[in-house]
Amino acid sequence: MPSSALPVNRRTVQALAVSALLMGVAACGGTASGDDGGSQGTAATRSVETAYGSVEVPAEPKRVVALGDTSLDTALYLGIEPVGTSSARGADTAPGYLGEKAESVPLVATVKEPNIEAVLKADPDLILAAPRLEKSQYDALKAVAPTVVPNSDDWQRPARTYAEALGEKEEFDNKIDALLERAADAAGGKDPGTAVVARWMPAGPMVMNAANMPSGLLEEAGAELLPIARELNSPHSDPLSLENLDRIDADHVFIATLNAEGEKALEAAREQKSFTRLKAAERDAVSGVDGQVWSSSAGPYAMEQVVEDIEAAYAG
């Protein structure tokens, strides 16, 4: 190789490919979203506040790409079947908990990044992206269609923002408020005590941040979250060793797994003294829950499942 050659990284190649794809669409006389230039300028829109500022979205979106569990969950809950979505964390399909509702939605992205060519082929007029989407990925997506990246300062904000972008905010807010009221009664009048949510991985359990949806609903039910969950500055902690399981020694422990490897590691851990000495283990108050629901999504279908799981845990 000549010494003057410059290295080309994956992001550079991706950016060049995106530019070429978008230029190709324009050369064919259309726009990146598939609308003709005249109609796009006169179509009714509404303004939605997002993590990247105010975005004008179609007043009545027809072809929605929903990237991430929460946006897909929310769209389906509102009776909208997206024309594209991303695979779930730890899987190569849409979130399993959505079942038949999501099985016909084409995959156009992974958890880590969208396939811009596949998104273009889906011909969306609105893209609902996951919170904390990287700016470079946002720039690529917004060149295809108006892209909504919700703020994530509150676990409820993303789903409510998606509903607003879809023109269903008032109805959606009423349904979510009703779910929050149900969560407040989930303990059935009992003192729920302390609680913690952990995702069990092959390397050990990762405590989920107190700001996540399941922890928020546990607080609605009156549970006190452990300090380790409250002190996190990231979505979850590093994996804990079995020697440090006392850091999740709560009255109720909710444990999620994402795959067979995690389930196998949890099964082995349950036989260890450090696990059996936990208060929740002694009280038979360790609840195994769906990892995609309890550690990856904050959509309304996931909320309903979490509330049901909390009710079941405190009914025992």
Side-chain angles (χ1 to χ4, degrees), residues 9-37 39-40 43 45 48 50-53 55-76 78 80-89 91-95 98 101-150 152 158-159 161-167 296-297 299:
N9 61 31
R10 183 172 62 84
R11 289 189 181 279
T12 301
V13 172
Q14 184 184 54
L16 291 172
V18 170
S19 297
L21 284 166
L22 296 176
M23 288 174 65
V25 172
C28 293
T31 65
S33 63
D35 294 330
D36 62 84
S39 64
Q40 191 177 46
T45 63
V48 177
T50 78
Y52 289 112
V55 174
E56 293 296 315
V57 305
E60 297 182 1
K62 304 298 184 184
R63 298 183 61 80
V64 177
V65 163
L67 303 178
D69 296 4
T70 301
S71 62
L72 176 62
D73 183 319
T74 302
L76 292 171
L78 293 171
I80 298 168
E81 182 170 315
V83 295
T85 191
S86 54
S87 57
R89 190 177 304 279
D92 56 5
T93 63
L98 292 173
K101 293 184 286 291
E103 65 182 10
S104 62
V105 181
L107 295 180
V108 296
T110 65
V111 171
K112 293 184 177 180
E113 61 184 350
N115 179 332
I116 300 299
E117 183 175 5
V119 173
L120 267 171
K121 289 180 178 178
D123 191 25
D125 58 5
L126 175 64
I127 299 173
L128 305 178
R132 296 180 291 276
L133 182 76
E134 291 183 10
K135 183 63 162 57
S136 60
Q137 294 181 4
Y138 172 72
D139 287 340
L141 289 171
K142 75 174 183 178
V144 178
T147 299
V148 171
V149 180
S152 55
T161 299
Y162 296 140
E164 181 182 1
L166 294 169
S296 294
S297 181

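Given the structure is predicted, the values throughout are model-derived calculations rather than measurements.
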Taking atom CD of Q137 and atom CD1 of I116, what is their separation to the nearest 0.5 Å?
7.5 Å

For P131 versus Y162, what's the shortest heavy-atom pair and its separation?
CD-OH, 3.6 Å

Non-neighbouring partners of A165 that pass side-chain contact (heavy atoms from CB on, under 4.5 Å), sequence neighbours left out:
V48, L126, L128, V148

Nearest non-hydrogen partners of P58 and P146, listed with the distance
CD-CG, 4.4 Å

With ring-ring contact (aromatic ring centres under 6.0 Å, His included) as the rule and sequence neighbours excluded, what pairs involving residues 113-141 come up?
Y52-Y138

Is the backbone of G299 close enough, under 3.5 Å, to the side chain of T74 for a donor and an acceptor to pair up by distance?
no

Between A66 and S71 the two heavy atoms that sit nearest each other are C-OG, 3.3 Å

Mind checking what makes side-chain contact (heavy atoms from CB on, under 4.5 Å) contact with A51, not counting sequence neighbours?
V149, N151

Can you sort out the partners of E60 under side chain to side chain donor-acceptor pair (under 3.5 Å), two or more places apart, ordered by chain and number?
none

Working note: V57 + L166, criterion side chain to side chain contact (heavy atoms under 4.5 Å, CB included); need CA distance, chi angles, decisive distance, verdict.
CA-CA 9 Å; V57 305; L166 294 169; over 6 Å; no

I'd like to check the side-chain contact (heavy atoms from CB on, under 4.5 Å) partners of R63; sequence neighbours left out, ordered by chain and number.
V83, D123, D125

Any side-chain heavy atom of L141 within less than 4.5 Å of one from L67?
yes

For S297, side-chain contact (heavy atoms from CB on, under 4.5 Å) partners two or more places apart
D69, T70, D73, Y97, A302

Give the minimum heavy-atom separation between A75 and P82, together with the two atoms involved.
CB-CG, 3.9 Å

Those residues at least two apart in sequence (or on a different chain) that pass side chain to side chain donor-acceptor pair (under 3.5 Å) with T85 are none

Just to verify, what does K142 make a salt bridge (Lys or Arg N to Asp or Glu O under 4.0 Å) with, not counting sequence neighbours?
D139

Suppose we screen for side chain to side chain donor-acceptor pair (under 3.5 Å). Which residues come up paired with S152, at least two apart in sequence or across chains?
R132

Counting only heavy atoms not in K101, do more than 12 fall under 6.0 Å of its NZ?
yes

With sequence neighbours left out, the residues meeting side chain to side chain donor-acceptor pair (under 3.5 Å) with K112 are none

Heavy atoms, side chains only, cut-off 4.5 Å: are T147 and V65 in contact?
no

If you look at every heavy atom in P150 and P158, which pair is closest and at what distance?
CB-CA, 3.6 Å

Mind listing the closest non-hydrogen atom pair of L107 and D92 along with its distance?
CD1-O, 3.3 Å

